[in-house]
Amino acid sequence: MSDLVIRNDQHLDIPTGTEPATAQLVQWAQAADAAGRFAEVVCNTSAVPQAYRGKPAEAAAAILAGAEVGLSPMASLRAFDNIQGTPAPKAITLRAIAQGLGHEVRIDQSTAAIAVVSGRRKGDTEWQTSTWDLERARVMGLLVKDQWKKQPGAMLVARATAEVCRWIASDAIMGMPYTAEEIRDQGVTVEHRPAPRMVSAADFIEPTDAAVEQPLTAAEVLDEIAAAQTQQRLDEIKALCYQQGHRGQDVRDAWSARSHQLAEAA
């Protein structure tokens, strides 16, 4: 029998009549158990990236993170870098997730001095464009970083790609606000990912007219962005802007600037 054969004779029976949320939790526990047993085997081989060798718990976390966005176990280990024990998606991973959902992402320009990446949400007609050049990187203090010295062009593309993906597919990548490239640039201490939120029937109930949030003015949107204290709140504002049609350059610039401020302060 091959060393890579994993026993699958252990499982949790879901009782008949179990509430949907409870059933989901049981299924998630089964997935976590399977990911852990799979990681125990493959992390002792050269088939996994160096960052996960001998670290089955961290590999299991990456596998579960990838499963949330539809990636296979081995694809997850390639798509997520291991940053201080926490799986962080590469910029190309965010691009793959966005494109896999039908959104469009294209590189309009890429040199050692500038990167221009555009994205368009599925069903939308308007392209949103992120431009990253060496001057923008210098202002943020990135040019002193080792990777920026060695491959500035690739780092500019990674930054612009991540920014565009957050703009057009924030709902798909809400739990992954920063890419591995961005985290390494900032040198921040990464908190462990929270447990997935379980939805309930209330999430699918149409709100009454009294509960419908009134549209914000452009000035109110800018105030909300400036007051945001977390990346999650910024992403919520981003989704709201998309719904209400606030897509001006001033809003995008304010959102990006506040996101960078939060990353630097983390």
Side-chain angles (χ1 to χ4, degrees), residues 61 65 68-69 80 83-84 86-89 91 93-95 97-98 101 103 105 117 119 121 124 126 128-130 132 136 139-142 158-200 202-207 210-266:
E68 292 179 358
V69 292
F80 288 81
I83 309 294
Q84 300 176 13
T86 297
T93 301
L94 298 190
R95 179 179 178 181
I97 293 170
L101 293 173
H103 309 311
V105 180
V117 178
R121 190 175 177 85
D124 204 352
E126 180 182 352
Q128 300 193 49
T129 301
S130 172
W132 269 81
R136 185 175 178 184
V139 171
M140 292 189 63
L142 301 176
R159 282 280 180 156
T161 297
E163 193 165 59
V164 162
C165 288
R166 282 195 290 265
W167 287 347
I168 67 171
S170 59
D171 51 346
I173 60 176
M174 187 69 76
M176 300 179 290
Y178 301 111
T179 64
E181 294 89 348
E182 291 171 315
I183 293 173
R184 287 198 182 94
D185 284 344
Q186 299 302 331
V188 299
T189 299
V190 184
E191 296 181 357
H192 289 289
R193 289 166 55 85
R197 171 182 173 273
M198 294 300 169
V199 299
S200 66
D203 292 293
F204 300 94
I205 298 175
E206 291 292 334
V212 175
E213 187 171 355
Q214 294 299 315
L216 298 176
T217 65
E220 289 173 334
V221 167
L222 294 175
D223 289 341
E224 288 288 331
I225 291 174
Q229 296 301 310
T230 65
Q231 184 64 43
Q232 180 177 353
R233 176 55 184 156
L234 273 182
D235 288 334
E236 292 172 353
I237 296 171
K238 176 71 176 180
L240 185 62
C241 287
Y242 179 82
Q243 294 171 1
Q244 298 186 1
H246 295 294
R247 306 177 189 177
Q249 188 63 46
D250 56 339
V251 172
R252 295 201 296 268
D253 289 345
W255 190 96
S256 178
R258 185 57 182 155
S259 179
H260 294 153
Q261 290 172 356
L262 291 175
E264 291 176 344

Gap between atom CD1 of Ile225 and atom CD of Gln261 - 0.5 Å precision: 11.0 Å

Value rounded to 0.5 Å, distance of CD1 in Ile97 from CD in Glu68: 10.0 Å

A side-chain contact here means heavy atoms from C-beta on lying under 4.5 Å apart; do Val105 and Ile168 qualify? yes

Between Leu101 and Ala172, what is the shortest heavy-atom contact and its length? CD1-CB, 3.3 Å

Rounded to the nearest 0.5 Å, how far does CD of Glu224 lie from CZ of Arg258? 12.0 Å

Closest non-hydrogen atom pair, Leu222 against Val251: CD2-CA, 4.0 Å

Spacing of CG belonging to Asp223 relative to OG1 belonging to Thr217, to within rounding of 0.5 Å: 7.5 Å

Heavy-atom pair of closest approach, residues Ser130 and Ala160: OG-CA, 3.5 Å

At their closest point, which heavy atom of Leu142 faces which heavy atom of Trp132, and how far apart are they? CD1-CZ3, 3.9 Å

Paired with Ser259, the side-chain hydrogen bond (donor to acceptor under 3.5 Å, both in side chains) test is passed by just one of Gln231, Lys238, Glu163, namely Gln231

Shortest non-hydrogen pair, Ala158 vs Ala91, comes out as O-CB, 3.5 Å

Can you name the nearest heavy-atom pair linking Arg233 to Ala228, along with the distance? CG-CB, 3.8 Å

